[in-house]
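Treat the numbers as computed from the prediction; the structure is a model and nothing was measured.
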Amino acid sequence: MTPAPVRWPDAADPAIRGDLTVAVAYITPAGGAVVTSVSPVGLGDREAGLVAFTTSLGFPKKLERILRNPHVSLAYHTREHGFAATNSYVLAQGTALVDLQPSPQRLAELRQASEPFLGETKRGPIWDWLLREYHQERIFVDVDIQRVAVWPDLTARGTVTVTGAD
C-alpha cells in the first residue's frame, strides 16, 4: 500500500509557492552534506505532496549525488527574492526523482511558471539561441515530500510545526 502524500500545511504554502531561491541539501559519498541554491519558481503540487526545482547538466556532481542518494532537503529560508508574503522558515524533506529528459510540455510549463518571478520570457531567434541552456536544457528534480517543518520566523526559532514523518 502506497503511503498518502504529505501535504504541506497552510503556513508553508506562501514560501513554497513564492520563494525564488531556496537551499537544497544532498548527501555526499562520504556521508557529509552539500548545500547549494536552486530555483523552484513555485513548482509544486500540494495535493500530490511534490515540490520540484530545475538544474542543468552543467552541474553534474549535484545530479550524480542525488541519483546515488535521493534523500534531499529544501530550505525555504529567504524572502530576498520572489514574492512570498510570510516570515516562516520552511524545511521540506523527501526523496528526489530526477527527470533527465523532460517533455517539451513540461519545459513550456516551466517557462510559464518562471514568468511571475523573472518577467516575460524574451523570444526570437537570438533570444532563443542565447537562452537555450536556460529554457531547453533543464533537468527537473521532483521531491516526494515526507516531512515538512515550519518555524514562525526566518531565524528558525520558536515553536516548530511538523507535518509528516517524525
Can you confirm whether [X] sits close enough to [Y] that some side-chain heavy atom of one is under 4.5 Å from a side-chain heavy atom of the other?
{"X": "Leu91", "Y": "His77", "value": "no"}
{"X": "Leu110", "Y": "Val41", "value": "yes"}
{"X": "Leu50", "Y": "Asp144", "value": "yes"}
{"X": "Val6", "Y": "Thr163", "value": "yes"}
{"X": "Tyr76", "Y": "Val51", "value": "yes"}
{"X": "Val24", "Y": "Ser73", "value": "no"}
{"X": "Glu47", "Y": "Pro5", "value": "no"}
{"X": "Arg79", "Y": "Leu154", "value": "yes"}

Could you tell me the separation between the CG atom of Leu63 and the CZ atom of Arg68, rounded to the nearest 0.5 Å?
->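 CZ of Arg68 is found 12.0 Å from CG of Leu63.
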Going from OG on Ser88 to CG on Asp10, what distance comes out if it is rounded to the nearest 0.5 angstrom?
->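 Output value for this atom pair is 11.0 Å.
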Search all heavy atoms of Gly44 against all heavy atoms of Arg17 and return the closest pair with its distance.
->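 Closest approach of Gly44 to Arg17: O-NH1, 2.8 Å.
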Heavy-atom pair with the smallest gap, counting every atom of Gly82 and Leu20 |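 Nearest pair, atom of Gly82 first, then Leu20: N-CB, 3.8 Å.
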With salt bridge (Lys or Arg N to Asp or Glu O under 4.0 Å) as the test, would you mind laying out the steps for Asp142 and Arg106 before giving the verdict?
-> CA-CA 12 Å; Asp142 298 302; Arg106 190 164 196 200; 2.4 Å; yes
Which is it for Thr121 and Arg123 under the side chain to side chain contact (heavy atoms under 4.5 Å, CB included) test, yes or no, and what are the steps along the way?
-> CA-CA 6 Å; Thr121 303; Arg123 300 302 308 251; 3.8 Å; yes
Evaluate whether atom CG of Leu100 has more than 12 neighbouring non-hydrogen atoms of other residues, nucleotides or ligands under 6.0 angstrom away.
->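 Yes, CG of Leu100 has more than 12 neighbouring heavy atoms, counting only those of other groups under 6.0 Å.
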Full working for side-chain hydrogen bond (donor to acceptor under 3.5 Å, both in side chains) between Lys62 and Thr36 | CA-CA 9 Å; Lys62 175 179 18 177; Thr36 189; 5.2 Å; no
Taking the six-membered ring for Trp and the single ring otherwise, decide whether the centroids of Phe140 and Phe53 are under 6.0 Å apart.
->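 Here the rings of Phe53 and Phe140 have centres that are no less than 6.0 Å from each other.
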